[in-house]
Amino acid sequence: MNLQYYLDTNAVQSLGKRLEGIPVNKGVYTSILTCMELLKRMEDEDSYKKKRGPLLHLKNSGVQIDSLPAPFVIWESFRIRKEIPPIFDSFEAIVAVALESNSYEMFMLLLRKNNLVEAFDGLKLIFQKGNERFKAGLTQFNEGGDLATNRNIFKERWEGDDNRKKRLYEAIKYFAVKQVESCNQPLVNLLMNYNHSIDLYMLTCYYYDEMKNYGREFAADNDGFDLQHLLYVRRGCKLVTDDKGFQKYVNKMVDGLAIGTEQFLKEINA
């Protein structure tokens, strides 16, 4: 199938029941990351009902789901082979339990009955630790120069296609360096093996990092996972999100690549 539109978690929630009107042949997809984000936010009766709805609408739609966990998308782009941990095998079972239940109490009861509580707790821990790692990994604030000067430097670094190409090379090298210890391969091998499938993710992350650094701003809690959705946006596909800030970052890298849900519905129904 020719995939054309990737829905992030924000879009899936915004579309709600309208998801069920999307047929398989429209080339619309989302990812395991979306399902994981909806699950991990189930903390009480109210949040359970709000997040179960989108999962149910997804199930009843023609939207495809990319099941490869985010870290493995990165590793595959460098041709690094790793076994997917067993905990990821439990997520489909947790989704099934969430859909089978009709209350948060019943959801927790069925998790215990099916020995899935540990996996559910592990899911929440993945997001907690992921947020911590993302914030710790950001470049420290630039202490030199005043804020206006720093912002001008940032603007100059990112203006024009040639500068974005330079930043992309820097981003690829940065991400490759991070993989050296995890796979015990020389940096030069990783750079040669990289297949450019996640250029958008790398470039946008680098842009975000420098924007926060030169602007002396802190990252919001879920920003790292918002950016991870870009791992699944394949070449030639559009990102669908109603998060205006996220749209802005992505369209700064590739103009018009990120659209809102209303524009998405117009396009697939045209």
Side-chain angles (χ1 to χ4, degrees), residues 3-24 26-70 73 91-92 94-104 106-108 120 123-124 126-128 130-131 134 201 204 208 219-234 237-251 257-269:
L3 296 175
Q4 299 182 59
Y5 299 95
Y6 174 81
L7 309 178
D8 75 349
T9 309
N10 174 284
V12 167
Q13 292 180 103
S14 293
L15 288 165
K17 192 171 178 60
R18 292 179 292 180
L19 287 166
E20 299 189 21
I22 300 174
V24 174
K26 291 296 182 178
V28 183
Y29 70 111
T30 187
S31 65
I32 187 176
L33 177 59
T34 293
C35 298
M36 288 169 64
E37 284 194 295
L38 291 170
L39 285 173
K40 71 101 174 178
R41 292 172 183 168
M42 292 180 177
E43 299 174 338
D44 52 31
E45 184 63 25
D46 185 53
S47 59
Y48 164 78
K49 288 181 177 178
K50 286 180 180 178
K51 305 309 174 185
R52 178 183 182 273
L55 284 173
L56 182 61
H57 301 319
L58 266 181
K59 179 186 177 185
N60 295 333
S61 75
V63 177
Q64 306 300 299
I65 297 177
D66 188 326
S67 61
L68 190 64
V73 179
F91 293 150
E92 286 188 15
I94 298 174
V95 170
V97 167
L99 295 177
E100 181 183 349
S101 308
N102 55 26
S103 68
Y104 180 71
M106 184 178 180
F107 173 53
M108 296 306 297
F120 187 56
L123 168 65
K124 294 186 176 184
I126 285 173
F127 280 88
Q128 178 190 330
N131 272 323
F134 177 74
Y201 168 73
T204 310
Y208 174 94
D221 269 348
N222 208 50
D223 284 359
F225 289 100
D226 286 344
L227 290 166
Q228 280 191 12
H229 282 283
L230 297 178
L231 289 167
Y232 299 95
V233 180
R234 301 176 190 180
C237 294
K238 290 184 178 180
L239 166 71
V240 183
T241 180
D242 282 336
D243 184 325
K244 299 300 182 185
F246 195 19
Q247 281 186 21
K248 183 179 178 181
Y249 304 152
V250 175
N251 287 332
L257 191 144
I259 61 174
T261 54
E262 294 307 319
Q263 179 63 32
F264 159 71
L265 290 172
K266 287 179 183 177
E267 291 188 14
I268 66 168
N269 292 318

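- Listed here is the closest heavy atom pair of Asn102 and Tyr48: N-OH, 3.7 Å.
- Side chains of Leu7 and Thr34 form no contact here, defined as non-hydrogen atoms less than 4.5 Å apart.
- The line from CG of Leu56 to NZ of Lys17 is 7.5 Å long, rounded to the nearest 0.5 Å.
- Note that CD of Gln4 is 10.5 Å distant from OH of Tyr29, once rounded to the nearest 0.5 Å.
- Among Lys238, His229, Arg234, the single residue meeting the side-chain hydrogen bond (donor to acceptor under 3.5 Å, both in side chains) criterion with Tyr6 is His229.
- Taking CG of Leu123 as the reference point, atom CZ of Phe91 lies at 4.5 Å (rounded to 0.5 Å).
- Minimum interatomic distance between Ala219 and Phe134 (heavy atoms only, all atoms of both residues): CB-CE2, 4.0 Å.
- Applying the salt bridge (Lys or Arg N to Asp or Glu O under 4.0 Å) definition to pairs two or more places apart or across chains, those involving residues 47-62 are Glu45-Lys49, Asp46-Lys50.
- Using a 4.0 Å cut-off between a side-chain N of Lys or Arg and a carboxylate O of Asp or Glu, Glu262 and Lys266 do not qualify as a salt bridge.
- Side-chain contact between Phe107 and Ile94 is present, with at least one heavy-atom pair separated by less than 4.5 Å.
- No side-chain N or O of Ser47 forms a donor-acceptor pair with one of Tyr104 less than 3.5 Å apart.
- The nearest pair of heavy atoms linking Pro54 to Gln13 is CG-CG, 4.1 Å.
- Side-chain contact check for Asp8 versus Asp226: every heavy-atom pair is 4.5 Å or farther apart.
- Atoms CG and CG, on Leu231 and Leu68 in that order, are 9.5 Å from each other to the nearest 0.5 Å.
- Formation of a donor-acceptor pair under 3.5 Å by the Ser14 side chain with backbone atoms of Ala11 is not found in this model.
- By the 4.5 Å heavy-atom criterion applied to side chains, Leu230 and Tyr249 are not counted as neighbours.
- Residues Ile32 and Ile65 share a closest heavy-atom pair of N-CG2, 3.8 Å.
- Counting heavy atoms from C-beta on, the side chains of Glu267 and Tyr5 come closer than 4.5 Å.
- If you take CZ on Arg41 and CZ on Phe127, they are separated by 7.5 Å, rounding to the nearest 0.5 Å.
- Side-chain N or O atoms of Tyr232 include one that pairs as donor or acceptor with a backbone N or O of Ala70 at under 3.5 Å.
- In this structure the side chain of Phe120 never reaches within 4.5 angstrom of the side chain of Val97, judged on heavy atoms.
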So Phe246 and Asp223, side-chain contact (heavy atoms from CB on, under 4.5 Å) or not? Walk me through it. CA-CA 9 Å; Phe246 195 19; Asp223 284 359; over 6 Å; no

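- Under the 3.5 Å distance criterion, the side-chain polar atoms of Asn10 are left unmatched by any main-chain donor or acceptor of Thr241.
- At a threshold of 4.5 Å between non-hydrogen side-chain atoms, the residues Tyr201 and Val73 do not count as touching.
- Contact between Cys35 and Val95 at its shortest, heavy atoms only, is CB-CG2, 4.5 Å.
- The CD atom of Glu20 sits 5.5 Å away from atom NE2 of His57, with the distance rounded to the nearest 0.5 Å.
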Test log, rule side-chain contact (heavy atoms from CB on, under 4.5 Å), inputs Leu38 and Thr9: CA-CA 7 Å; Leu38 291 170; Thr9 309; 4.0 Å; yes

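- A side-chain donor-acceptor contact under 3.5 Å links Asn251 to the backbone of Leu257.
- Between Leu19 and Asn60, every side-chain heavy-atom pair lies at or beyond the 4.5 Å cut-off.
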